Each structure stands twice: as C-alpha cells, then as structure tokens.
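Below is one structure, written out as structure tokens; comments come after it.
A note on names: the letters A, B, ... follow the listed sequences, proteins ahead of strands, and every chain is numbered from 1. From a predicted model like this one, the values you see are computed outputs, not experimental measurements.
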Protein chains: 2
Amino acid sequence: MRHDEQVSTPKTTPRTRYHHGDLRNAMTDSAVELARAGGPDAVVLREVARRVGVSATAAYRHFSDAEALLYEVKGHALESLARSIGAAVAAVPADGDPGDVAVAQLRAAADAYIEFAVNNAGLFMTAFCLTKVPGQQFEGVPFTEAAAFQALGGLLDRIVETGRMPAERRPGAEIAAWSVVHGHALLLVGGPLERHLSEEEQAYARERTLDMAIRGLIAAD
Amino acid sequence: MRHDEQVSTPKTTPRTRYHHGDLRNAMTDSAVELARAGGPDAVVLREVARRVGVSATAAYRHFSDAEALLYEVKGHALESLARSIGAAVAAVPADGDPGDVAVAQLRAAADAYIEFAVNNAGLFMTAFCLTKVPGQQFEGVPFTEAAAFQALGGLLDRIVETGRMPAERRPGAEIAAWSVVHGHALLLVGGPLERHLSEEEQAYARERTLDMAIRGLIAAD
DNA sequence: GGTCATTGTTAACGGTGTCAACATGAGGCA
DNA sequence: TGCCTCATGTTGACACCGTTAACAATGACC
C-alpha cells in the first residue's frame, strides 16, 4: 500500500526543505488518523495538507482527487480490519475435534469483525463508505476476490470438509455470514442502535446474533 | 410528518407571491427527491432552495440547520421503508398452519427490507445515514421503540406462540434478524457487493442468506 | 387602518475542492 | 563543474457550500 519506503521524514515537525520527500505517505498517514477519529467525513484534503505542513494543492501532485486520498485510506482501513480478523482466527486453539475448531474459527472471525467495528468506529465506517475508484468507473477488483473474502470462504470450506455443514449449503454462505456481521456492526456503529445499548446488552445481542448465524449455517433443517 | 396540510401551492412553477405559503413541506419534498436520486450527500440546502425557487437562507425560517432538513428526509425514508414492509407482510396469505404463516410473514418482511434497499438505494442510504437530532444530543427516541422495530418483535412473538421457535431464543432475536437483512442490504447497495452481482446471483444470494437466518431462528440446535 | 410578528430577501464570512500559473530544487548530462 | 529539465511544491483565484446579520414584504389581528 505504501509507495516507496526508502525515504523517510519526520511527519509532524514543520519541515525545512522545500520538497517534503515523502509527501504521499505522510498525507495518507495523516488522513488515516483523521478517519480513525472522525470517519470518512473527517478526512478533508485541506486539513490533511495543513497537518503535514504543506499547501493544499500539493496534494494534487500525488492524488488525482480528494476522493483518491479517501480511497487510499479506505484501503488501509480494510487491511487493518483483515489483520484483526486474521489474528483472531489464528488465536483459536487448533487442538480438538476439527469440526469444533473450524466452527470456532468462524465464530472468532465474526466476533473480531464486530469487535473491530466497535473499537475502531471511524476506520470501520471509512472502510465501507462509498468511493469511486480513481481510474476505473467503479470498484476495480471484484470484492469477492479480495483476500478477506477468500479467507472467509476458506473457513466455510473447512466447516464443510469436517462434515459440520452440508455441502449443498455452501454456495452463497460467505455472503450470508458476511451479511450478519456487517449488519450487526453497522447497527451498532453509525446505525440506529448506536448509544442505545449498554455494554452488557451489546455483548448479549452480539452473542445472540452470532448464535443465530452459526446455527443457521450448521444446524439440520 | 407533514406540518400542516391545508395550504397547498404548485411546487415547481416559480412562485408569484412573496410568501411561498408552504415552504417547509415544499423543501422537504424536494429534499426527498434529491435523496431518492442521490442519497444523503445529494440533499444540499442551497440546491433544495433553488429548486423550490427561494433564497437559500429562507430555509432557516423552517429548519434550524441543514442537518435538520436531512433529518426530516430521513424520517420520510424510514416511514417509506416501514410502509413497504408492512404491505409485504399484509400480503402474505393468512390461511394454513399458523406457524407457517408466521414464518412466511417474517420472511416476507425480510425480503421487503432488502427489496426496498435495492429499488430505492438513495432513500435507503438516507434512512440510515448518521444525523444529529435537531433538539436533543443524539437520537431522541430509542430506536428499539420505533414502530417498525416493535412490529418485527410482534412477528417474532407469533413465531414463538406457534411453537416454531423456543421461547428462550426470543430475546435478542429482533437484533439478530435485523442484522442479517440490514447487512445484506448494505452490502448490495453502497457496499462492496454493489455492481458485482448479476440479477440472478443477487436473487440467489438473498435467498441463501434468508434461508440461513430463518433456519438460525427456528431450527433445533 | 395601523402594528407587528412571520417569512421572505440580499450581502457577507469562512470553509471546502480544484485549477492555472509560477517557484524551487534534485538529478542527469555536457 | 555547471546547466537544463522535470518532478514537486507555492500562491492566487474561482465556484460552491453552510450560516449569520441586517433589511423588506406581507398578512393577521386589534
């Protein structure tokens, strides 16, 4: 995601040299911080330039658009989410019945998804805000080919392999599983349930929701 | 939602009288149209004023804020969604096994939710965009007390009453069910799946997702 | 018929994204 | 070494946005 790592410059101190040396990365980093704190609407080009200590129009040497900058941030946010989920899955003990392990991994992934959204609301909302891709007309790579989506598919495959889920139920299961966690996350953060549930209610609701989802995937008809 | 219905004025023709006579409703209507076509970001105060044929600052006689106008539109969008769902539920034939009817009604509601989102993307996104409530600090009425949410609860209650769902599974079921449809809708409209699924794929994914949800609610463990 | 609150208006401010024109300086080539 | 060039910054300007303050028209009520 970063462009070229070799050159590095202190990010905060007002620079002395005319050329920044690493402006693109500096702006991206600063924009990510803004997004983390305030969501997609908070990443405003002029503010980013101000923070990096550069004129607003300098951004146009590195980003075609203000939206291109936001798109970059979006990528970072999605990466960050994927890392959190990956770590959670990896932390599941792999001993015991393979079916149990596979199901536990799926549940850990789902839990991590929602946890990330709650703990990093700004980044999460940025990860899923609408953005036109700079070059292309819409999303360049179909999202169904993204790494995170493929990983989810892998988890579901293992559940089928271990006999916990009928194979004929497999197609479309990624989207079904993703729908639940995505919807639950968005109800809690930036949605109608925001600030309406106590800590306990929130934990309870999440558990109930994931129970339903897992049961829906693996239970007999 | 409308303020007072008695006075009515042609909405599009450039008015002749100094006072509009029904400006608040006219602006709301115009804003709804903008939201329908372009989502929440498309409802911009100056454009609304322009369309109604009035100066931008006239809006401040009727709305405290640009956000207050958007909030009004949000209300309309939520009402519209609720009406669509209500109609779909009412259209389910009520004869046959009560359990079957109750489950069919829930499924119809879920389907209508997603259908509304797909067919009215702009309105749907506006219905769930973040807005500060004009007067209060955050959402005034807890959303869990909104009519639509209560109606969903009623559907789930009937499923329990007819013995299709264990009573101990009832608490939290609204949020679980809502999470699925909300997430699925948002993946399809304004989300990562937008424009990546064909008509058939979309219908298939929706069916699979709702299968999972219903099974998760009513299947035996 | 005069008074006055209501509901419009214009002018202006600060903020935003963006473009055009100009300035700087780092790197390659003589 | 010195120059040229081009990538990378800068300033200035424009249009658009939300919002406020000050002013004007209207219509309702005594």
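As a whole-Å value, the separation of B:Asp22 CG from C:dG8 C1' is 15 Å. One atom, CG of A:Asp41, and another, C1' of C:dG15, lie 15 Å apart when rounded to the nearest Å. Here the P atom of nucleotide D:dC17 and the CZ atom of B:Arg51 are 12 Å apart, to the nearest Å. The distance between atom CZ of B:Phe63 and atom P of D:dT19, rounded to the nearest whole Å, is 13 Å. Rounded to an integer number of Å, the gap from A:Tyr60 OH to D:dG12 P is 18 Å. In this entry the distance linking CE of A:Met27 with C1' of D:dG9 reads 12 Å, nearest Å. Remark: P of D:dT19 and CD of B:Glu67 are 8 Å apart, rounded to the nearest angstrom. Separating the CG atom of A:Leu23 from the P atom of C:dA26 is a distance of 15 Å, rounded to the nearest angstrom.
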* To do: Give the intermediate values and the outcome of salt bridge (Lys or Arg N to Asp or Glu O under 4.0 Å) for residues A:Arg107 and A:Asp211.
  => CA-CA 9 Å; A:Arg107 186 163 188 128; A:Asp211 284 349; 2.9 Å; yes
* Would B:Arg24 and B:Glu72 count as a salt bridge (Lys or Arg N to Asp or Glu O under 4.0 Å) if you check the C-alpha gap in whole Å, the side-chain angles of each, and the deciding distance to 0.1 Å? -> CA-CA 10 Å; B:Arg24 182 183 173 101; B:Glu72 196 80 11; 3.0 Å; yes
* Derivation of the side chain to side chain donor-acceptor pair (under 3.5 Å) call for A:Lys74 and A:Thr131 -> CA-CA 9 Å; A:Lys74 195 176 171 177; A:Thr131 340; 3.1 Å; yes
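A:His62 has a side-chain polar atom (N or O) that falls below the 4.0 Å cut-off from OP1 or OP2 of D:dG9. For the pair A:Arg61 and C:dT18, the criterion of a side-chain N or O lying under 4.0 Å from OP1 or OP2 is not met. An OP1 or OP2 oxygen of C:dT6 is reached within less than 4.0 angstrom by no side-chain nitrogen or oxygen of B:Arg24.
Judged by distance alone, with hydrogens and angles left aside, B:Thr57 brings a side-chain donor or acceptor within reach of the base of C:dT10, the pair sitting under 3.5 Å. Residue-to-nucleotide contacts include no donor-acceptor pair under 3.5 Å from the side chain of A:Arg46 to the base of C:dG15.
Counting only heavy atoms from C-beta on, A:Arg50 has its side chain closest to C:dT16 among D:dT19, C:dT18, C:dT16. Distances from the side chain of B:Ala56 to the nucleotides C:dT9, D:dT19, D:dG9 place D:dT19 closest. Of the candidate nucleotides C:dG17, D:dG18, C:dT9, C:dG17 has the atom lying nearest to any side-chain atom of A:Leu45.
In terms of position on DNA chain C, the residue among B:Val54 and A:Ala66 whose nearest nucleotide sits closer to the 5' end is B:Val54.
Heavy atoms of B:Ala58 sit under 4.0 angstrom from at least one base atom.
Note: B:His182 and B:Phe124 have tilted aromatic rings, judged against thresholds of 30 and 60 degrees for the angle between ring planes.
Atom OH of B:Tyr71 sits about 13.0 Å away from atom CZ of B:Phe63, to the nearest 0.5 Å.
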